[in-house]
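Following: one structure in structure tokens, then a few remarks.
The figures here come from the full heavy-atom set of this structure, side chains too, leaving out hydrogens, waters and symmetry mates. When a residue number appears, it is its place in the shown sequence, counting from 1.
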Amino acid sequence: MGGVYSSEKMAGVFAYESSEIDWCEDNYKHSEHVVEYFNTMSSFVFFFISPVMLYLLHPYAKERSLSIHMVWIMMLFVGLFSAYFHMTLSFVGQMLDELSILWVLAVGYAIWFPRRLFPSFIKDRSTFSRLVMLITVITTVSSFVKPTANAYALNCFGLHLLYTLAIEMRCCTDPKVLRLAKMSVALWVLAIACWIGDRFGCSFWQKINFCYLHSIWHILIVMAVAYGSTLIAYLDANYEIPYSLPGLQYWPCDKWAVGLPHIVLKSTSKTRKRC
């Protein structure tokens, strides 16, 4: 009997609508196999932006560390798990969606967190990275205790990243970098506003028949990550590989007011003085 119960319980967490979270979009409105159609479809924006960012940031990653590619490789998994979650609203889908975001943040912290802001007892990045991974593993396990609180915890990590960026930007006077910072913050704020609006203002959006704020959140947050990660990478390049003379450009056309930001390296020869 115990084995049968365990099997039923295991099957239950994969079942459609087994998650406690249900977003504002009407369920099964456009497909009998997809619970939230537009929330699912909008998740595929990750599959367009992530490969482009992998390509655009490759020169920087090649010079700095190929592990940087892990950020956007894992963003592909965020898109995949987000689509699966909104297609099924299953408990497993929810956990995969939220934990993939947690691990993207963890990789970003491990790679890019400024060395001068390390705790005093940490002397190198490898030690810091191991500490970040340990905390992430503990957080991953503890996230199953109260799954509905996971999203709020992830947003708190986002606030800490904003605080760190503010510290790093205090002495910056480059107008192009400042513009990138403003766009990163603006996209993040708009994305969070859409997430909160969908979560807590659903009755209003249902009255006006506009239940797509979470879909818009998907688009805005992936753009915010593209802008924010490029800004962090640019600051990191100036600090870690200054000899490369990093600069900022936008794809597909640098003269356009909008586009995907990326780093260009004007020099790749290592000219640091050696003693």
Side-chain angles (χ1 to χ4, degrees), residues 13 15-49 75 77-102 104-105 139 142-163 165-166 181-229 258:
V13 297
Y16 271 55
E17 299 185 83
S18 55
S19 170
E20 296 180 17
I21 296 176
D22 190 356
W23 299 96
C24 195
E25 183 181 352
D26 293 335
N27 296 350
Y28 302 104
K29 186 174 182 179
H30 300 281
S31 171
E32 62 181 12
H33 302 294
V34 179
V35 181
E36 296 175 343
Y37 183 82
F38 284 103
N39 285 350
T40 302
M41 293 299 106
S42 62
S43 298
F44 286 94
V45 70
F46 289 83
F47 295 101
F48 170 71
I49 300 296
M75 285 292 286
F77 284 96
V78 173
L80 175 65
F81 294 143
S82 175
Y84 172 65
F85 171 47
H86 291 291
M87 183 180 75
T88 64
L89 286 188
S90 65
F91 176 78
V92 168
Q94 175 196 340
M95 297 308 295
L96 288 173
D97 181 26
E98 293 170 348
L99 292 177
S100 63
I101 297 171
L102 171 66
V104 168
L105 290 169
T139 305
S142 62
S143 66
F144 288 87
V145 176
K146 186 67 175 177
T148 53
N150 293 344
Y152 304 100
L154 290 172
N155 284 324
C156 289
F157 281 116
L159 288 171
H160 182 256
L161 284 173
L162 280 179
Y163 171 73
L165 273 178
K182 291 175 183 176
M183 285 295 297
S184 301
V185 174
L187 286 166
W188 185 80
V189 169
L190 286 172
I192 292 298
C194 287
W195 189 90
I196 293 174
D198 187 275
R199 200 81 189 95
F200 299 105
C202 185
S203 57
F204 170 76
W205 300 111
Q206 286 178 336
K207 286 179 183 177
I208 64 174
N209 197 29
F210 188 83
C211 302
Y212 311 113
L213 284 185
H214 197 78
S215 300
I216 298 172
W217 142 267
H218 286 155
I219 298 169
L220 289 175
I221 199 62
V222 74
M223 290 300 295
V225 173
Y227 275 66
S229 64
V258 293

Under a 4.5 Å cut-off applied to non-hydrogen side-chain atoms, are Ser43 and Tyr84 in contact? no

Nearest heavy-atom neighbours spanning Phe91 and Ser18: N-OG, 2.8 Å

Residues Gly197 and Leu213: closest non-hydrogen pair is C-CD1, 3.8 Å

Do side-chain atoms of Ser215 reach the backbone of Ser42 as a donor and acceptor pair under 3.5 angstrom? no

Strictly under 2.5 Å separating the two SG atoms? Check that for Cys211 and Cys202, please. no

How many angstroms lie between atom NE2 of His33 and atom OG1 of Thr88, to the nearest 0.5 angstrom? 14.0 Å

Not counting sequence neighbours, which residues clear side-chain hydrogen bond (donor to acceptor under 3.5 Å, both in side chains) with Tyr16? List them please. none

Which one of Ile21, Leu89, Val13, Leu99 satisfies the side-chain contact (heavy atoms from CB on, under 4.5 Å) criterion with Gln94? Ile21

Is any side-chain heavy atom of Phe38 closer than 4.5 Å to a side-chain heavy atom of His218? no

Audit row: Phe85, Val92, side-chain contact (heavy atoms from CB on, under 4.5 Å) steps and yes/no: CA-CA 8 Å; Phe85 171 47; Val92 168; over 6 Å; no

Below 4.5 Å, heavy atoms only, C-beta onward: do Tyr28 and Val35 meet side chain to side chain? yes

Measure up the His30 and Tyr37 rings against each other and bin them: parallel (under 30°), tilted (30 to 60°), perpendicular (over 60°). tilted

Could you tell me whether Phe210 atom CZ has more than 12 heavy atoms of other residues or ligands within 6.0 Å of it? yes

Asp97: what forms a side-chain hydrogen bond (donor to acceptor under 3.5 Å, both in side chains) with it, not counting sequence neighbours? none

What is the distance from atom CD1 of Ile219 to atom CD1 of Ile49, rounded to the nearest 0.5 Å? 9.5 Å

For Cys194 and Leu220, work out which heavy atoms get closest and say how close. SG-CD1, 3.9 Å

If I take atom CD1 from residue Ile221 and atom CD1 from residue Ile216, how far apart are they, to the nearest 0.5 angstrom? 13.5 Å

Taking the side chain as every heavy atom from C-beta outward, state whether Cys24 and His214 have any atom pair closer than 4.5 Å. no

Other residues, nucleotides, ligands: >12 heavy atoms within 6.0 Å of Tyr212 OH: yes

Minimum heavy-atom separation for Ser184 to Gly228, with atom names? OG-N, 3.4 Å

Using every non-hydrogen atom in the two residues, find where Gly93 and Ser90 come nearest and quote the distance to one decimal. N-OG, 3.0 Å

Where does the angle between the aromatic ring planes of Phe77 and Phe81 fall among parallel (under 30°), tilted (30 to 60°) and perpendicular (over 60°)? tilted

For Asn27 and Glu36, the nearest pair of non-hydrogen atoms, with its separation, is OD1-CG, 3.7 Å

Roughly how far, to the nearest 0.5 Å, is the CG atom of Asp22 from the NE2 atom of His86? 10.5 Å

Using side-chain heavy atoms (C-beta onward) and a distance below 4.5 Å, is Asp198 in contact with Trp217? no

To the nearest 0.5 Å, atom CD of Glu98 lies from atom OG of Ser19 at 7.5 Å

